[in-house]
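Notes follow the structure.
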Amino acid sequence: SAMASPGAAAQCGSSSAGTAQDTVNPQLAPSEEQEARKLLREALEHFAQEPSKLVAEDVAKYSAALQTLLVKDGPHLRISRGDVLPRLLIVSDPLEEFDDVVMLRCCVWNSVACIDVVLSGGSHTPCERLEHVRSLFDVYREARFDVPIHSPVGGTIIFRNDGYAPPADTIDAFVNCGPCSAQTLRAACGSGLRLGGLIVTVGANGDGTSLSGINQKQTSSRTRALSYETDGDGRRVWDVVIEHAKHTRAAYVRNLSVELSRFVLFPNPLRMHGTIYGSLGANASFTETAVAATALFICSRPPPAAGPRVNEGNSVIDAQYLRNVPFLKHAMAAADSEAYTRGLELIWAYSRWVTDTPATRAQPESERRRLAVSAAIPLMCASLLGGEYKGHRGASGYERPPSAAFDGDGGIQFGYDPLSKLAKHALACLTPESAARLTAAIRTHFDFLGPAYDPLAVLIAFDELRRATKPVRNLACGSTST
């Protein structure tokens, strides 16, 4: 059946949970508990909103398209242009998140196109990333760099090392599903991009310039760290390249809007038996990564210095879980339960931290309250799913980082470094026992997981190419020119 859009479900009933005032909480004074409930109520009113009608139409469209890709193989992504195949260059970083491998298996394999897949450097080498893809999928078992793979639907796929520079005027679309070297970026969005070509960005500003996303950082052959490289004038290399592409290649830039991506969620692979995507769920490593990525949106809160952006994005996603997961809907209705009480305590503690910390003291009161409201839904969601934070109620295990950004956290570990794979898979801000409970609850009760960023970016790229004028005839797919 077609995948129902999580964003189109009925709004959760939150009035009883947000207004009950008769709970006796030994950890909070009555006025503190009342304030915590008020913060949660404000968050639900603000973040539990349906997308606009226009966005809802796109959510339904892309959710259905995603479902088709996940179920079975076929020529799902194609452009009717006679014998001229569009050529896309997609940067991908498998081994980071599970959306990369889903995109490679379900989107790229089913594309009637010539696709160069540049595997990122960074925390893993391109060779390590390719080996990971080979180990997951029989269709890529024999994959090697620079050797064309011909898919049954008529497409050609070529894995490339980070640093690859495409021949001049050959790329119809550059799709930014991961970070890459400055060399690849400059070539793919410069001479390699045909005139009027497309650039699809993930995690950037609306005009394609860099914000704080990882995908707009650069990799380096000398280190595994990612960074925003700058030119001689101190401008970010990414921004200079995007600006140059617009002016010299007449490039059209389409950023994957959070207004859309936050509502197009991956289904739980454990619910899709007999499908390509469901078969991935049989791989313990894949499922663990998928669940850990979902848990990140729920349980890890950044320090106040990071601002409200991450919390607000997570709140939009978590509000959908509160609406659509019966387990959570029932837990929210029990406003006097132990889990609900813990959630209120966490909301209050986080609000004290963001209100009275060096990073925020100079901010207007409205901004500090925005920070407090932005974390309320995720904190309550984590508690209702069984999460217990290190340091809260004396729970052991929290070793505060030396950074001043964590001053004033009240001895509670509210989050962890999202770039640390060990911390992400362990849900390091939670006690080990409660982390196991939370991940088990996601596996068991969730029909949908986190946003489908990378498949969505590829779907958008094909949509935009269909609207574009016919491209010039590319070099034959399979060229190993560099």
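Within the 4.5 Å cutoff, side-chain heavy atoms of Arg309 are placed close to those of Ser212. With a 4.5 Å cut-off on side-chain heavy atoms, Leu193 and Leu89 do not count as touching. Leu70 is listed as a side-chain neighbour of Val102, based on a closest heavy-atom distance under 4.5 Å. Side-chain atoms of Trp109 and Pro152, non-hydrogen and from C-beta on, do get closer than 4.5 Å to each other. At least one side-chain heavy atom of Val237 sits under 4.5 Å from a side-chain heavy atom of Arg186. Between Thr289 and Val101, the closest side-chain pair of non-hydrogen atoms is not below 4.5 Å. Taking 4.5 Å as the limit, every side-chain heavy atom of Val291 sits out of range of all side-chain heavy atoms of Phe446. A 4.5 Å side-chain heavy-atom check between Ser227 and Lys217 finds every atom pair outside the cut-off.
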Report the C-alpha distance between Asp116 and Ile171 in whole Å, list the side-chain angles of each, state the deciding distance to 0.1 Å, and finish with yes or no for side chain to side chain contact (heavy atoms under 4.5 Å, CB included).
CA-CA 9 Å; Asp116 294 297; Ile171 301 301; 4.1 Å; yes
side-chain hydrogen bond (donor to acceptor under 3.5 Å, both in side chains) between Tyr453 and Asn215, worked out
CA-CA 12 Å; Tyr453 295 119; Asn215 288 0; over 6 Å; no
Please lay out, stage by stage, how Val253 and Asp207 fare under the test side chain to side chain contact (heavy atoms under 4.5 Å, CB included).
CA-CA 7 Å; Val253 179; Asp207 62 356; over 6 Å; no
Using the rule given for ring-ring contact (aromatic ring centres under 6.0 Å, His included), can you reason through Phe98 versus Phe266, listing the C-alpha separation, both sets of side-chain angles and the distance that settles it, and then say yes or no?
CA-CA 10 Å; Phe98 78 108; Phe266 277 116; 4.7 Å; yes
Pair Val71-Met272, side chain to side chain contact (heavy atoms under 4.5 Å, CB included): steps then yes or no:
CA-CA 8 Å; Val71 170; Met272 294 188 68; 4.1 Å; yes
Val202/Leu456 under side chain to side chain contact (heavy atoms under 4.5 Å, CB included): CA gap, chis, key distance, verdict
CA-CA 10 Å; Val202 180; Leu456 191 51; over 6 Å; no
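Shown here for Gly203 and Asn255, the closest heavy-atom pair between the two residues is N-OD1, 3.9 Å. Heavy-atom minimum distance, Thr170 versus Pro166: OG1-CB, 4.0 Å. Lys424 and Pro418 make their closest contact through CE-O, 3.2 Å (heavy atoms, listed as atom of the first residue, atom of the second, distance). Minimum interatomic distance between Gly154 and Leu85 (heavy atoms only, all atoms of both residues): O-CD1, 3.8 Å. The minimum heavy-atom distance between Ser300 and Asn314, with the atom names listed, is O-OD1, 4.3 Å. Here the closest non-hydrogen pair linking Gln218 and Ala182 is CG-N, 3.9 Å.
Atom OG1 of Thr219 is separated from atom CD of Gln183 by 9.5 Å, given to the nearest 0.5 angstrom. For the atom pair OG (Ser315) and NE2 (His46), the distance works out to 8.5 Å, reported to the nearest 0.5 Å. Here Arg254 contributes atom CZ and Ile199 contributes atom CD1; the two are 14.0 Å apart, rounded to the nearest 0.5 Å. Between Glu50 atom CD and Gln320 atom CD the span is 8.5 Å, to the nearest 0.5 Å. Between Leu136 atom CG and Leu104 atom CG the span is 10.0 Å, to the nearest 0.5 Å. Rounded to the nearest 0.5 Å, atoms SG (Cys127) and CG (Asn161) are 5.5 Å apart.
Remark: the backbone N or O of Gln363 is not paired with any side-chain donor or acceptor of Thr360 at under 3.5 angstrom. Of the possible donor and acceptor atoms, one in the side chain of Arg224 sits under 3.5 Å from a partner among the backbone N and O of Ser123. With Ser374 contributing its side chain and Leu371 its backbone, the two residues share a donor-acceptor pair below 3.5 Å. Looking at Glu97, its side chain never comes within 3.5 Å of a backbone N or O of Leu95 through a donor-acceptor pair. Checked by atom type and distance alone, the side chain of Arg160 never pairs as donor or acceptor with a backbone atom of Val117 at under 3.5 Å. A donor-acceptor pair is defined here as one N or O able to donate and one able to accept, closer than 3.5 Å; such a pair exists between the side chain of Tyr277 and the backbone of Pro267. Checked by atom type and distance alone, the side chain of Ser403 pairs as donor or acceptor with a backbone atom of Ala405 at under 3.5 Å. For the pair Glu128 (side chain) and Thr125 (backbone), a donor-acceptor distance under 3.5 Å is present. Between the Thr287 side chain and the Ala284 main chain, no donor and acceptor come within less than 3.5 Å of each other. Checked by atom type and distance alone, the side chain of Asn110 pairs as donor or acceptor with a backbone atom of Gly74 at under 3.5 Å.
Geometrically, Arg301 does not engage Phe414 in a cation-pi contact defined by less than 6.0 Å to the ring centre and at most 45° from the axis.
The closest side-chain donor-acceptor pair between Asn176 and Thr201, if any, does not fall under 3.5 angstrom. Using a 3.5 Å distance cut-off with no hydrogens or angles, the side chains of Asn268 and Asp447 do not pair a donor with an acceptor. For the residue pair Thr209/Asp239, the side-chain donor-acceptor check at 3.5 Å is not satisfied.
Of the charged side-chain nitrogens involved, at least one lies within less than 4.0 Å of a carboxylate oxygen, so that Asp169 and Arg249 count as a salt-bridged pair. At a threshold of 4.0 Å, the pair Arg105-Asp73 counts as salt-bridged, since one of the basic side-chain nitrogens sits closer than that to a carboxylate oxygen. Electrostatic pairing of Arg129 and Asp93 does not count as a salt bridge here, judged by no charged N lying under 4.0 Å from a carboxylate O. Under a 4.0 Å N-O distance rule, the pair Asp463/Lys61 qualifies as a salt bridge. The pair Arg262-Glu312 fails the salt-bridge criterion, with no side-chain N (NZ, NE, NH1 or NH2) lying under 4.0 Å from an Asp/Glu carboxylate O.
Of the candidates Leu226, Thr184, Asp162, Leu226 is the only one forming a side chain to side chain contact (heavy atoms under 4.5 Å, CB included) with Pro179. Screening Val316, Asn311, Ile317, Asp318 for a side chain to side chain contact (heavy atoms under 4.5 Å, CB included) involving Ile377 leaves a single residue, Asp318.
Aromatic rings of Phe159 and Tyr140 (six-membered ring for Trp) have centroids within the 6.0 Å cut-off, being under it.
Summarising the local packing, CZ of Arg144 is surrounded by 12 or fewer heavy atoms from other residues, nucleotides or ligands at distances under 6.0 Å. For His244, the NE2 atom is loosely surrounded, since the number of other residues' heavy atoms within 6.0 Å does not exceed 12. The number of heavy atoms from other shown groups lying within 6.0 Å of CG (Leu270) is above 12.
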